[in-house]
Every structure is written in C-alpha cells, then in structure tokens.
Chemist: 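Mind having a look at this structure? Questions to follow.
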Protein chains: 2
Amino acid sequence: MERLMQSLRIGINEKIYVKDPESSDLGKRIVEQSIIMINKMGFESFTFRKLGERIGSNESSIYRYFENKHKLLLYLTSWYWGWMEYKVVFATNGIANKVEKLERALEILTQTVEKDISFSHIDEVKLNEIVINEYSKSYLTKVVDQENKEGYFEIYKRLVQRLSDMIVEVDGEYPYPSSLASSILEGSLHQYFLKEHFPMLTDCDHNITPTQYFMDLVSRTLNIA
Amino acid sequence: MERLMQSLRIGINEKIYVKDPESSDLGKRIVEQSIIMINKMGFESFTFRKLGERIGSNESSIYRYFENKHKLLLYLTSWYWGWMEYKVVFATNGIANKVEKLERALEILTQTVEKDISFSHIDEVKLNEIVINEYSKSYLTKVVDQENKEGYFEIYKRLVQRLSDMIVEVDGEYPYPSSLASSILEGSLHQYFLKEHFPMLTDCDHNITPTQYFMDLVSRTLNIA
DNA sequence: CAAATATAACAGTATTACTATCATATATTG
DNA sequence: CAATATATGATAGTAATACTGTTATATTTG
C-alpha cells in the first residue's frame, strides 16, 4: 500500500483552496502544522495568526492558500475522506463475495486509524481525531447548500454512496441503504466521541470496538443471502 | 397534555445560567427571541449585541442571564431534551407491553416536532431545527469534559439511558443497548439534516420518515420476544 | 540578467466578546 | 411612606479576531 500511495494524490475540489497547498513547501507546512494545532487547541481557538507564528510565516501568506479557516477545515476533512475512500476501494477491490466485501469496508470505515507513512506531512491519527471532533462543524453552517452545490462535499458523498451500493449488493430488498450507510459513517465518529467523553452513552470501551457494534448492527439488519 | 405542562417546568442545571431566564420578563424575551434569531441566522452569526438590539435591551443586561452564547445554547438544548423527556415519559407511562412502549418512545424521539402551545414563549418547531443544526456544537468543544462533570448534559444523558433501558426490556440479550440508543438520538437529528441538505445520502423524503427508518432498524436489530 | 512570482513585514479596519462604571427605574422591606 | 435593594439601561473601553491592503524582499523561471 505504501508504495502505491506515494505516487497517489488525494484529489480535492480546487475551489476549496486559493492556491494548492501541495504545490509548495509553505503549503505543506500549513497543512501539517494546522493539523497539529487544530487537534491540540480545537477548531474555535485556532487562528491563522497563531498558525503563522508557529510556522514562522506571515498571516497574510496563509490567506493566499486558504480564504479562511473554514475552507482549511473543508480541505483537511476532504483529504481525510479521500484517503478513506482509497483505503476502502483498495482493500475491497478483489473481493468477489459481497458480504465479505461489505465487511471489509465496514472494518476500514469504523476502525481506529493507524499511522500511515505514505503522506509524510500529514498525521492521519491526529487528522482522524479532528474529523471526530470537528467534521460536523464543516457542514452545520448556513452556507451548506451553496457549498454543496459547488461540490465541496463530493468525496464524502461518494464514499457514502459506495457503502450504500455495497449494502444493496448484499441485500437488494433492504429499503434504507443510503440512510444506513450515512448512519454508519456519522455514527462511527459519534461512537468514538462518546467512548472518549460520554462512556455511559455507549457500549464501546477498551473491550468492545465501534467496529464490532456496527458489524453486528449490519448483520442483524440485512438479510444476508 | 397542555394543562399538565402549563404548571410544569423543565428543570435545567442552575450552573448553565447566571440568572434564571424564567424568573423575569426580560429573561423570557431573551430565550424567545434568541430561538428565532439563532434559527434564522445560525449560531455563528448570532451575537448578544444583535439580540440586545432586537429585543430593545442592552447587551450587558443579557450577560446578566448568560455568561456567553455557548451557555445560552446549552440552556436551549437542555430545555429541548427536557421537553422531549417529558413527552416520552408521559406518553409511555401506562404502557405495559414492552415492545409497544419502545415503539411509542421511538416515535416521539424521531418524529417531526409539532407546535406545542404549553410553553408560550418557546417555539418548539424552531427549537427542534436549532437542535438539528447546532446541537453537536454544544458538546464538540475543548471544555466538554469539564462541562460534563458539572452536569450540563445530564438531561440528554438521562434520555439516552431511558431509551437504552427500554431496549434492554425488549431484548435483554442485545449487547449494545446504549450505543443503539445514542445512535438513534443522534442519528435522527442527522437524518433530518440530510433530508434537507443532502437528499442523496438518505432514503428519507416526503414519503419515508426517519421514524420509519429507525423503527425498521430497531425491529430488525432486536429479538422481539 | 530580467521579469515574474512568492513570501514577509507591517499597518489598518470592522466586528466580536466581553468587562466596567454609572445612572435610573422598579420592587421590596422595615 | 421612606429607605434600600435589585434590575435594567446607557455608555465606554479592551483585547482578540478575521480579515484587507501595501510595500519590501527573496526566490524562481525564462
């Protein structure tokens, strides 16, 4: 996987950034350090000024890459979902058995993220934590419809669609494949959050993983042929 | 129901407010108008200054009721969940049949909210929209653990617990009652959001309701005796 | 080497999220 | 009824945020 990914790039809607952060050293530092900072201090406290100080660069230089921190969050989360999509497509590619294929996808989508050395400047473990804690904020806005129209959420939508398709493949009679797929993706992030902050609201702990919960849920829900 | 509720009050953790907004006319106007404004302009754009202008009062007077707008959001969402809890408890109270009881609770928790005339200054329909669009923001913060410790999320936690208990009553063997309960509450809000903004990611539309989806999900998941 | 481009440094603006002070209106109590 | 406490309003002020704009300097490219 590492080898392949080294020459792969996550294709992100160009309207999300002003200048492609992958195109320069400064851009990569912006992405790299913003992940560390947002993860540490939370999206609300994070500012371009602080990021500039941290990377020894100027606030106005960062604005030449991203219009504002909301767009940067869209960039980071798009990257994350694009990366997940690659992992799912790659891992399920050769699997003929539909059930096995769905299970493999579920595993990847609901598992804890492990360090991936392929994208050197991106810490996927921290990015996963950011997605758990901040992803909702990227779409729970008053501009969601316009940004959706501009394609800012394409990667996530495509991923839900892929999962939904796999569900249909396993049980063509099941009436709510899209809702189940979106529930799994969103719900997985939520269960990880609860596990960390509201352990009473989840059965997931050091013994039980969100993956087990969702695997079980899907196996109970679908009529597996 | 109306009669009963007129003399009932939703008990909200006193640490959430500086001065009880139910205790004065100004307080009620703050709550009433903030619901209308947050619903219209979104939580991010909403400020105490704007609210002050709108209710013909002073910014600093509002600060005497709520430390900041985050606390106000906690107040509003706590009220909402408290109201939902009353509705669930009231509606399921006399039901002996466990399955029927769970179904009734699910209905209330996943249905579209309708106007409730009991609490005159609170527009429950708009408040439900606020919860759909903003609730996550109330806990996706860096202070969540501290605020949780102070009891700011007690009502919501109690509601999840109630639902979880009902699930256990129906199927004591099911291993993930808390996760299922939290998934339903959070997932219901999410499906309503998707229906409005990302229709491709849900099967819910004008024909299919989130209630149908979750009722079906639960009936497939639990072994109903 | 010239020209274009990228970045840095600095200044400036409107808004936000408060805090503080003081005046006045209203309610409470002795 | 007077004294006093409390609630609200008016105004001002501060530090931080989220930018925009200008100019200088460094780097890349043709």
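Everything numeric here is computed off the predicted structure, so don't read it as measured data. Computed from heavy atoms alone, side chains included, the values below leave out hydrogens, waters and symmetry copies.
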Chemist: In chain order, what residues pass the side chain to side chain donor-acceptor pair (under 3.5 Å) check against B/Arg64, with sequence neighbours excluded?
Modeler: none

Chemist: Would you call B/Asn148 and B/Lys157 a side-chain contact if the rule is heavy atoms closer than 4.5 Å?
Modeler: yes

Chemist: Check the angle between the aromatic planes of B/Tyr176 and A/Tyr213 and answer parallel, tilted or perpendicular using the 30° and 60° thresholds.
Modeler: perpendicular

Chemist: Checking side-chain polar atoms at under 3.5 Å, does B/Asp165 have a donor or acceptor matched by the opposite partner on B/Gln161?
Modeler: yes

Chemist: Anything under 30° is parallel, anything over 60° is perpendicular, the rest tilted; go ahead and classify B/His197 against B/Phe193.
Modeler: tilted

Chemist: Does the pair B/Glu107/B/Arg104 count as a salt bridge with the N-to-O cut at 4.0 Å?
Modeler: yes

Chemist: Take B/Thr209 and B/Gln191 through the side chain to side chain donor-acceptor pair (under 3.5 Å) test and state the conclusion after the steps.
Modeler: CA-CA 9 Å; B/Thr209 64; B/Gln191 291 297 313; over 6 Å; no

Chemist: Do nucleotides 18-24 of chain D as a string where each nucleotide becomes B, S or -: B if the base has a protein heavy atom under 4.0 Å, S if just the sugar-phosphate does, - if no protein is that close.
Modeler: SBBB---

Chemist: Of all nucleotides in DNA chain C with an atom under 4.0 Å from a non-hydrogen atom of chain A, which is the first and which the last going 5' to 3'?
Modeler: C/dA6 to C/dC10

Chemist: Once the angle between the rings of A/Phe198 and B/Tyr139 is folded into 0 to 90°, is it parallel (under 30°), tilted (30 to 60°) or perpendicular (over 60°)?
Modeler: perpendicular

Chemist: Tell me, which of residues 19-41 of chain B have any heavy atom that sits under 4.0 Å from an atom in DNA chain D?
Modeler: B/Lys19, B/Ser24, B/Leu26

Chemist: Residues from residues 133-143 of chain B sitting under 4.0 Å of DNA chain D, heavy atoms only?
Modeler: none

Chemist: Taking all heavy atoms of B/Tyr135 and all of B/Phe153, pick out the closest pair and write down the distance.
Modeler: OH-CD2, 4.3 Å

Chemist: Any donor and acceptor pair, going by atom type alone, linking the side chain of B/Lys195 with main-chain N or O of B/Thr202 inside 3.5 Å?
Modeler: no

Chemist: Return no unless some side-chain N or O of B/Tyr65 is found under 4.0 Å from OP1 or OP2 of D/dT8.
Modeler: yes

Chemist: May I ask you to say whether A/Lys137 pairs ionically with A/Glu44, meaning some side-chain N is under 4.0 Å from a carboxylate O?
Modeler: yes

Chemist: Hey, are the side chains of A/Tyr192 and A/Thr112 touching, using non-hydrogen atoms and a 4.5 Å cut-off?
Modeler: yes

Chemist: Determine whether more than 12 heavy atoms belonging to other residues, nucleotides or ligands lie under 6.0 Å from atom NZ of B/Lys40.
Modeler: no

Chemist: Enumerate all atom pairs, one protein N or O and one N or O from nucleotides 25-28 of chain D, separated by less than 3.5 Å.
Modeler:
none

Chemist: Between B/Asp145 and B/Lys149, does any NZ, NE, NH1 or NH2 come within less than 4.0 Å of an OD or OE carboxylate oxygen?
Modeler: no

Chemist: Would you call A/Lys50-A/Glu53 a salt bridge at under 4.0 Å N-O?
Modeler: no

